[in-house]
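These notes concern the structure reproduced below.
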Protein chains: 2
Amino acid sequence: MRRSSEQTKATILAAARERFAVDGYERATIRSIAADAAIDPSMVMRYFGNKEKLFAAAAEFDLQLPRLAGLDRDDVGARLVEHFLDRWEGDEALMVLLRSAVTNAEAAHRMRAIFAEQLRPVTDEFLGERDDGGQRAALAASQILGLALARYVLRFDPVVAMSRAELVAWVGPTVQRYLAGRPEASV
Amino acid sequence: MRRSSEQTKATILAAARERFAVDGYERATIRSIAADAAIDPSMVMRYFGNKEKLFAAAAEFDLQLPRLAGLDRDDVGARLVEHFLDRWEGDEALMVLLRSAVTNAEAAHRMRAIFAEQLRPVTDEFLGERDDGGQRAALAASQILGLALARYVLRFDPVVAMSRAELVAWVGPTVQRYLAGRPEASV
DNA sequence: GTCTATAATTCGATAGAC
DNA sequence: GTCTATCGAATTATAGAC
């Protein structure tokens with residue numbers, strides 16, 4: 001079947017996202033992506049140049065974080081956890097990055113860029129001017145990424161079994177404390 | 001140079017651990033491991049059969065968790081974080097698993113086994129008989145793994161820059177709450 | 001826009017000489 | 001115990017016909 005240039009490119013990109021999300025950068029092959037897209041492997045090269053550029057296109061995405069300023073101040077932790085659960089389950093974008101960033105330097109760089117350019121501005125606006133803003137945002141990111149790792153990648157039974165509400169009830173306060181609490185405060 | 005069987009095997013295993021820790025299962029090659037060990041690639045096959053068995057040998061390890069029963073009850077979170085920071089920085093064993101478990105099914109299975117067979121018994125003894133023991137242990141694992149991911153793999157600047165004491169002060173209470181607190185409790 | 005053919009590497013694995 | 005030689009498969013990437 002003859003398709004338009006745009007159609008073809010979009011089909012390849014969708015197949016690439018799926019493969020990169022499941023297999024990570026090294027195991028995902030141009031051949032397997034082409035097969036999923038029901039197209040010849042050379043077409044992938046034609047439209048994206050090489051594997052690296054294809055990954056760059058597939059890994060491009062927007063966290064779509066809400067502004068925290070408008071939220072109840074005691075509620076930002078839970079809201080953030082809910083938002084990230086939605087983003088993890090909504091599409092493969094975050095999984096593409098996580099699965100590749102562990103062994104691929106370029107993907108890890110992307111992760112850091114997204115942290116700096118998309119998460120930091122949002123938490124900074126909430127936190128105001130303070131010198132531990134980077135630490136607090138990074139700690140929140142560590143828990144959110146760790147939760148995704150345990151639930152979607154490593155598939156630890158108890159975390160897989162927990163409901164969205166349970167996860168928010170447990171992890172929300174952690175993120176809340178990282179963003180708004182004192183280090184020593186707990187329980 | 002002619003070496004003994006034991007020597008050779010140990011040298012190969014050490015090189016394998018390093019490579020798997022840095023590159024993960026797919027990128028680490030038998031050839032590169034052999035080169036690091038200054039030995040012929042065929043020797044690796046001779047001693048370990050195939051790549052899968054070599055990984056199994058390299059990924060075998062003991063968390064060496066302390067018994068929590070003997071500790072101050074309000075202190076287990078901080079002690080666990082300290083212990084894991086030591087284990088992450090002491091040798092490559094945990095990194096071997098983390099770098100591979102994200103894209104390799106066998107490594108992920110190993111991770112779950114270590115969680116179930118080494119972490120669970122220790123937290124269960126501390127928690128006593130209760131039905132949310134698995135959830136609590138898994139939540140603690142999610143934060144500890146997320147911290148390692150941010151600090152050692154993704155290298156988020158703020159987390160890399162934080163001292164051991166700062167990390168314990170921030171993350172200790174989180175683990176403490178997962179093991180001993182109530183879900184809603186925070187700040 | 002699509003595909004065939006193929007170059008150039010690289011990998012895991014095996015056979016066998018010394 | 002160590003190495004050479006090599007197979008067979010898979011990969012990215014390119015050139016060019018239709």
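As a basis for the values below, the full set of heavy atoms in this structure was taken, side chains included, without hydrogen atoms, waters or symmetry mates. We name chains A, B, ... by the order of the sequence lines, and we start the count at 1 in each one.
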(request) Using a 4.0 Å heavy-atom cut-off across all strands, classify B:Phe48 as base, sugar-phosphate, or nothing. (result) nothing
(message) Between B:Asp131 and B:Arg136, does any NZ, NE, NH1 or NH2 come within less than 4.0 Å of an OD or OE carboxylate oxygen?
(response) no
(request) From the options C:dG12, D:dT2, C:dG1, select the nucleotide whose nearest atom is closest to the side chain of B:Arg31. (result) C:dG12
(request) Calculate the interatomic distance between B:Asp40 atom CG and C:dG12 atom P; express it in whole Å. (result) 14 Å
(request) Using whole Å, report how far NZ of B:Lys51 lies from P of C:dC11. (result) 9 Å
(request) Measure the distance from CD1 on B:Ile12 to C1' on D:dT2 and round it to the nearest whole Å. (result) 11 Å
(request) Figure out the CD1/C1' separation between B:Ile30 and D:dT6, and round it to whole Å. (result) 16 Å
(message) Can you measure A:Tyr25 atom OH to D:dT11 atom P for me and round it to whole angstrom units?
(response) 14 Å
(message) If you assign each of B:Pro41 and B:Glu6 to its closest nucleotide in DNA chain D, which residue comes earlier from the 5' end?
(response) B:Glu6
(request) Would you indicate which nucleotide in D:dT14, D:dT11, C:dG12 comes nearest to any side-chain atom of B:Thr29? (result) C:dG12
(message) Rounded to whole Å, please give me the gap between CE in A:Met45 and C1' in C:dA5.
(response) 16 Å
(message) Looking at the base of C:dC3, is there any donor atom on it, or on the side chain of A:Ser42, that sits under 3.5 Å from an acceptor on the other one?
(response) yes
(request) Scan side-chain atoms only and decide if A:Gln143 and B:Ser142 contain a donor-acceptor pair under the 3.5 Å cut-off. (result) yes
(message) Can you confirm if the NZ or CZ of A:Lys51 lies within 45° of the ring axis of A:Tyr25 and under 6.0 Å from the centre of its six-membered ring?
(response) yes
(request) Have a look at B:Ala28 and say if it touches a base, only the backbone sugar-phosphate, or nothing, with a 4.0 Å heavy-atom cut-off. (result) sugar-phosphate
(message) Side-chain N or O of B:Arg46 versus OP1/OP2 of D:dG1: is the shortest distance under 4.0 Å?
(response) yes
(message) For A:Gly49 and A:Arg27, find the nucleotide of DNA chain D closest to each by heavy atoms; which residue's nucleotide sits nearer the 5' end?
(response) A:Arg27
(request) Output the single nucleotide from D:dA13, D:dG1, D:dT2 whose closest atom is nearest the side chain of B:Ile39. (result) D:dT2
(request) Would you kindly give the CE-to-P distance between A:Met43 and C:dT4, to the nearest whole Å? (result) 12 Å
(message) Does this structure show an ion pair linking A:Glu82 with A:Arg79, if we count only N-O contacts that are shorter than 4.0 Å?
(response) yes
(request) Write down the distance between CD (A:Glu26) and P (C:dG12), rounded to a whole number of angstrom. (result) 13 Å
(message) Checking side chain to side chain contact (heavy atoms under 4.5 Å, CB included) between B:Leu119 and each of B:Ile144, B:Ile114, B:Leu65, which is the one that passes?
(response) B:Leu65
